[in-house]
There are 2 protein chains.
Amino acid sequence: MAKNSAVSMAASNLESVSSSASGQPAPRKSAGPRAAARRANEKRILAAAEEVFALAGFTGATTAAIARRASLPKANVHYYFRTKKALYRSLLNNILDLWLNEADSITEDADPAEALSAYVRAKVAYSQNRPFASKVFANEVVHGGSQIRDYLENQLKARVDGKVSIIRRWIAEGRMSPVDPYHLFFSIWAATQTYADFECQAAAVLGKDKLTAGDYRKAADHVEAMILKSCGLEPGGAAGS
Amino acid sequence: MAKNSAVSMAASNLESVSSSASGQPAPRKSAGPRAAARRANEKRILAAAEEVFALAGFTGATTAAIARRASLPKANVHYYFRTKKALYRSLLNNILDLWLNEADSITEDADPAEALSAYVRAKVAYSQNRPFASKVFANEVVHGGSQIRDYLENQLKARVDGKVSIIRRWIAEGRMSPVDPYHLFFSIWAATQTYADFECQAAAVLGKDKLTAGDYRKAADHVEAMILKSCGLEPGGAAGS
DNA sequence: GTCTATACATGGATAGAC
DNA sequence: GTCTATCCATGTATAGAC
């Protein structure tokens, strides 16, 4: 099936990030009523795609379903994003940008407890507010991440390595217990994202249809406490043993 | 609109769980050389399917790919499992059985630290030894779990509720710190399964192709320590505050 | 029971009218 | 830029010879 899959086109970094991330008609620069309409339509399609890809995965999602969800004829979707894969990759790029900036609270001179607490809470909030984005990312990674290999190995690794250095310094300075910083991140990601990616399982076990705002509050409290304790930190911001 | 997209196929509950869970030819009972060959072939197909479904998801997996991986002609796969969905559901049933029995170490009279430690280690070992099974399950849940709703809401919930009662008692008896038992399980599942489901992300961040035995050892140590600390427990088995 | 050839449906992508 | 009609590849499932 895969033929020359995906990874191949990893190189072609399309126009970096934001704006009109896909098509080829590429109008002048970015202003004007036409460009505005284009951006609006792209946004609509991307929002629809986020939901459909999250629910059905890449192959399970159909352009027809995405078009329907965006209230557009199927051909329009192909007009703005020439192929299904191009649309998928645009969507992934948007999602990865969100991912990268979530750990901003972890800085050299921050208080460890406050920084980790803020990070955990931001991640839980993300699971609550952008469950579809989280699921698209999860789906991609579970299936081997061929479309985001470059991102994982370079941008994400670099970002995480930076945060790991900070945590190592905190440990060296005795501001928190010695824990493996990489695995600490793996645990934070897993424990927080599970409320988006595995929501239906958590909800079923709790005997409800879907998680409530109260559940997310409890989730944030629980994960925060777990992470802080595992680092020998107290919620207030003081360092323990 | 949204005719009966993917999600709809939840209703058809097939034969409950165990044995040869699929075909319709259904020979006599279970003995004889024919039956043995049948079981062997079914096993081969299921093993191949586990890998293919894990890598590509339900819709992304093709019967041709499964047949190829099992070194059988495509028609044989359909002979043993009439439809792709029947094969998928058989596979899921096998996987769910594994899932249910993993928490066996958590019993009324066990030592909390030892019981939780054993559970965490069993889960990490499962991620290491059966990554494809874990991914198939993860994929199903991420996509809404329509094929396993009944399992999640009944069997799994009942099993977890039982374990939750035990943990509540441990807390009441002062044998561990007060934590929300449900969220404790969510964290354990997430933090351990991430080493199978999100392996490629962890590997990329660690700068390698795939996780090594040493990584899994570190992972188990890390998650064990985190869970025990979050419950106010010491690795040895003694209870802390 | 095994396998080759094939029927039939779905879905990605495009042509070409508006 | 928008949309309808259509092309064509892929993939599930089966018929029917061995």
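Here is the naming used below: chain letters follow the sequence lines, and residue numbers restart at 1 for every chain. For the numbers below, each heavy atom of this structure counts, side chains included, while hydrogens, waters and symmetry mates do not.
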Take atom [atom1] of [X] and atom [atom2] of [N], then tell me their distance rounded to the nearest Å.
X	N	atom1	atom2	value
B/Tyr79	C/dC3	OH	P	12 Å
A/Phe81	D/dG1	CZ	P	13 Å
A/Asn76	D/dC3	CG	C1'	7 Å
B/Leu87	D/dG11	CG	P	16 Å
A/His78	C/dA15	NE2	C1'	14 Å
B/Leu72	C/dT2	CG	C1'	10 Å
B/Lys85	C/dT10	NZ	P	13 Å

*Do A/Glu199 and A/Lys135 meet the salt-bridge criterion of a basic N to acidic O distance under 4.0 Å?*
no
*asked:* When you measure from the side-chain N and O atoms of A/Thr63 to the phosphate of C/dG11, is any distance below 4.0 Å, counting only OP1 and OP2?
replied: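 No, A/Thr63 has no side-chain N/O under 4.0 Å of OP1/OP2 on C/dG11.
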_Quick check on DNA chain C: between A/Ala64 and B/Ala37, whose nearest nucleotide comes earlier from the 5' end?_
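Final value for this comparison: B/Ala37.
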*Is there a side-chain contact between B/Leu100 and B/Leu156, using heavy atoms and a 4.5 Å cut-off?*
yes
*Under 3.5 Å, is there a donor-acceptor pair linking the side chains of A/His222 and B/Ser187?*
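B/Ser187 and A/His222 do have a side-chain donor-acceptor pair below 3.5 Å.
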